[in-house]
Amino acid sequence: MARIVVAGSSEQSRAQLTRLLSASGYPVFRVCAGAGELRRALNETEDGLLILAGPVPGCSAEELLWDYGDQLQILLIARQPVLDACGEGVFRLAMPTSRQAVIGAVEMLSQMHRMRLPRRGEKEREPVEEAKRILMARRGLTEPEAHRLLQQMAMNRGMKMTECAEKILAAEKP
């Protein structure tokens, strides 16, 4: 199941959304109030769903889509003027909305997320895991941080993660 991160400026809306998701069988990985906290949580999340209960101070849904769109599905639940200002690629629900609409949107995004995840075989996973261990040792990173760094390195070079991992491993050999 995809990890779900809930964010928003209102404590009440974050709590309400978290209760709704949990009661519907969707455990919430993190709940965030501000941009810094949200970005830290997303860096720990290798893949998942981001549900925004209204705008988050300090970052827009478009910025988050730009930075994390390769690993996340984003749902913005807000009033119509906020939704109108939001660009393509972010799924939207207008407030007020029903519980069924929220759960339906989460289910749809979960299915979309599962469909787009690449399935690596054992042969492809080995170099990625080894490269992450090297990055963790060299840079003192956690496993999720090393994974995100490897993703970013691959994206910046226009490579698959496996190819980038193999280059890291080749550079380690004497």
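Start at 1 with the first residue, then count along the sequence.
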(request) State whether the side chain of Arg3 and the backbone N or O of Gly48 hold a donor-acceptor pair below 3.5 Å, judged by distance alone. (result) no

Name all residues meeting the side-chain hydrogen bond (donor to acceptor under 3.5 Å, both in side chains) criterion together with [X]; count only those two or more places apart in sequence or in a different chain, and write none if there are none.
X      : result
Ser9   : none
Glu145 : Thr142
Ser10  : Ser13
Glu130 : Arg133

(request) Sort and list the pairs that fulfil side chain to side chain donor-acceptor pair (under 3.5 Å) and have at least one residue in residues 31-41, not counting sequence neighbours. (result) Arg39-Asp67

(request) Please collect all salt bridge (charged side-chain N to carboxylate O under 4.0 Å, His left out) contacts where either partner lies in residues 149-161, sequence neighbours excluded, each pair once. (result) none

(message) Show every salt bridge (charged side-chain N to carboxylate O under 4.0 Å, His left out) that has at least one partner inside residues 94-113, sequence neighbours left out.
(response) Glu107-Arg114

In Å and rounded to the nearest 0.5 Å, what is the [atom1] to [atom2] distance from [X] to [Y]?
X      : Y      : atom1 : atom2 : value
Leu38  : Leu64  : CG    : CG    : 5.5 Å
Gln73  : Ile4   : CD    : CD1   : 12.0 Å
Tyr26  : Ile51  : OH    : CD1   : 9.5 Å
Ile168 : Glu166 : CD1   : CD    : 10.5 Å
Leu42  : Phe29  : CG    : CZ    : 9.5 Å
His147 : Lys132 : NE2   : NZ    : 5.5 Å

(request) Kindly check if the number of other-residue, nucleotide or ligand heavy atoms within 6.0 Å of CD (Glu163) is above 12? (result) yes

(request) Please list, chain by chain and in numerical order, all residues satisfying side-chain contact (heavy atoms from CB on, under 4.5 Å) with Ser60, sequence neighbours excluded. (result) Glu62, Glu63

(request) Not counting sequence neighbours, which residues clear side-chain contact (heavy atoms from CB on, under 4.5 Å) with Ala165? List them please. (result) Pro127, Val128, Ala131, Leu150

Side chains of residues 83-97: which donor-acceptor partners sit under 3.5 Å, not counting sequence neighbours?
from  : atom 1 : to    : atom 2 : distance (Å)
Asp84 : OD1    : Gln80 : NE2    : 2.8
Arg92 : NE     : Val90 : O      : 3.3
Arg92 : NH1    : Leu83 : O      : 3.3
Arg92 : NH1    : Cys86 : O      : 3.1
Arg92 : NH2    : Gly87 : O      : 3.4

(message) Taking salt bridge (charged side-chain N to carboxylate O under 4.0 Å, His left out) as the definition, give me every residue that meets it alongside Arg30, ordered by chain and number, with sequence neighbours left out.
(response) Glu44

